[in-house]
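In this chain, numbering begins with 1 at the start of the sequence shown.
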Amino acid sequence: ALVAREGFSVCYDAMSGVNGPYAKAVLVDLLGCPPSSLQNCQPLPDFGGAASPSHGHADPNLKNAAELCGKMRVGPTGDALEGAEGAPFF
């Protein structure tokens, strides 16, 4: 399986939307990804509010998904950042 392949990692950000529990059920419970592959998977009525990393928006663009972009080593303009250590590998 892909997720069992040596060196493979994945990162999924539910941005505090309703898809978080489904992501856990599929990626962690069914496919065997480590729980650390998920972030912001607790659904919140306001997507975490204005003070959250997604600024209260479950829109995965470079501004609202800044936390995910940082983990993926993608800058605010979509360019790759230096130091890819720790970024998911495909």
Handout entry: Partners meeting side-chain hydrogen bond (donor to acceptor under 3.5 Å, both in side chains) with Ser52 (sequence neighbours left out)
Key = Ser54

Handout entry: Closest approach of Leu30 to Val26 (non-hydrogen atoms, all atoms of both residues)
Key = CB-O, 3.2 Å

Practice task
Give the minimum heavy-atom separation between Ala14 and Asn19, together with the two atoms involved.
Solution key: O-OD1, 3.4 Å

Problem - CG-OH distance between Leu38 and Tyr12, expressed to the nearest 0.5 angstrom - result: 8.5 Å

Practice task
Keeping to residues at least two apart or across chains, list the salt bridge (Lys or Arg N to Asp or Glu O under 4.0 Å) pairs with something in residues 30-54.
Solution key: none

Practice task
Could you pull out all residues at least two apart from Asp29 that satisfy salt bridge (charged side-chain N to carboxylate O under 4.0 Å, His left out)?
Solution key: Lys24

Practice task
Indicate, with yes or no, if Val10 and Leu31 share a hydrophobic cluster defined by side-chain heavy-atom contacts under 4.5 Å among Ile, Leu, Val, Met, Phe, Trp and Tyr.
Solution key: yes

Handout entry: salt bridge (Lys or Arg N to Asp or Glu O under 4.0 Å) pairs, two or more places apart, involving residues 30-39
Key = none

Handout entry: Validation row: Asn40, Phe47 side chains within 4.5 angstrom (heavy atoms)
Key = no

Fill in the blank from the handout: The side chain to side chain contact (heavy atoms under 4.5 Å, CB included) partners of Pro35 (sequence neighbours excluded) come to Val28

Problem - Side chain to side chain, Cys41 and Pro21, heavy atoms closer than 4.5 Å - result: no

Handout entry: Side chain to side chain, Gln42 and Ser16, heavy atoms closer than 4.5 Å
Key = no

Exercise for the section: Hey, could you give me each pair passing salt bridge (Lys or Arg N to Asp or Glu O under 4.0 Å) that has a residue in residues 9-18? Not counting sequence neighbours. Expected result: none

